[in-house]
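These notes concern the structure reproduced below.
Below, chain A is the first sequence line, B the second, and so on; all start at residue 1. Remember, predicted model here, so these are calculated numbers, not experimental data.
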There are 2 protein chains.
Amino acid sequence: MIRLLADPLRAQIIALLADGPACTCHLVEDTGAKQPNISNHLRLLRDAGLVVAEPHGRFTYYRLVPEALETAAGHLTDLARRARARSDAPRKC
Amino acid sequence: MIRLLADPLRAQIIALLADGPACTCHLVEDTGAKQPNISNHLRLLRDAGLVVAEPHGRFTYYRLVPEALETAAGHLTDLARRARARSDAPRKC
DNA sequence: ATTTGATATCAGCACGAGATGATGTAATCA
DNA sequence: TGATTACATCATCTCGTGCTGATATCAAAT
């Protein structure tokens, strides 16, 4: 799921959504990317549970799911913790 | 830098290194990937400061840098925190 | 000194992911 | 109803990135 955070445009979308829910047109305007492109990325983020879509009339608001980001963060923190704990246990060749 | 954690093979390398420092041959053996491939990935991880190389004779031990992972984790946690704080401030269309 | 083994580097290729244009759908407004 | 707006989906193309084979380097072993 961290894989999704790698793409620059997706990272920008997530950063924008961190400032509060926004609809597709906002993201298109702010990023300068074409609308189908944004929609494609939003679909991936939605499928991964990183964002949720909230239809409001003909607008679709997208909202970040903090828990998903925290799960990813926890994964990285755990790797760091394990690395520290086993830092003095190199494998033998 | 999170970009580097996206690739599956690099993620596997990092997971292996979280169990303690290991040399290239270990990673080649454990992942089943070809040696030049592993070396290429290690180079990228090294350039990004995610791992450090420690030459021991003709072996090269690689060690995870926990601080780098924690920095990435902190970035994600911060995004989650901001998203929570501004969750009820949707932009107007 | 020669060989062997571990690793790094380089050039070329192949494949997949992102970008785009065209089109479809649904909701609002005239 | 027809027109317009916001968004989603589809087909296609391009281009970057990872993978590989060949080769170079350097250290230990013989």
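Within the 4.0 angstrom heavy-atom criterion, only backbone atoms of the sugar-phosphate kind lie near B:Tyr62; the bases stay farther away.
Computed from coordinates, the A:Tyr61 OH to D:dA8 P distance equals 14 Å when rounded to whole Å.
Annotation: salt bridge (charged side-chain N to carboxylate O under 4.0 Å, His left out) contacts of B:Arg46 (sequence neighbours excluded): none. Residues meeting the salt bridge (charged side-chain N to carboxylate O under 4.0 Å, His left out) test with A:Arg84, sequence neighbours left out: B:Glu67, B:Glu70.
At least one side-chain heavy atom of A:Arg63 sits under 4.5 Å from a side-chain heavy atom of B:Ser87. For the pair B:Ile13 and B:Val51, the minimum side-chain heavy-atom distance is 4.5 Å or more.
Although no hydrogens or angles enter the test, the distance criterion places no donor-acceptor pair under 3.5 Å between the side chain of A:Arg91 and the main chain of B:Ala22. Looking at A:His41, its side chain never comes within 3.5 Å of a backbone N or O of A:Ile38 through a donor-acceptor pair.
Applying the ring pair (Phe, Tyr, Trp, His ring centres under 6.0 Å) rule to pairs touching residues 43-64 of chain A yields A:His56-A:Tyr61, sequence neighbours excluded. Listed by first and then second residue, the side-chain hydrogen bond (donor to acceptor under 3.5 Å, both in side chains) pairs involving residues 73-82 of chain B are A:Asp19-B:Arg82, B:Asp78-B:Arg81 (not counting sequence neighbours).
Within residues 33-55 of chain A, the residues that place at least one heavy atom under 4.0 Å from DNA chain C are, in residue-number order, A:Lys34, A:Pro36, A:Asn37, A:Asn40, A:His41. A heavy-atom distance below 4.0 Å to DNA chain D is reached by these residues of residues 7-28 of chain A, ordered by number: A:Cys23, A:Thr24, A:Cys25.
Checking the phosphate oxygens (OP1, OP2) of D:dT25, no side-chain nitrogen or oxygen of B:Arg58 falls inside 4.0 Å.
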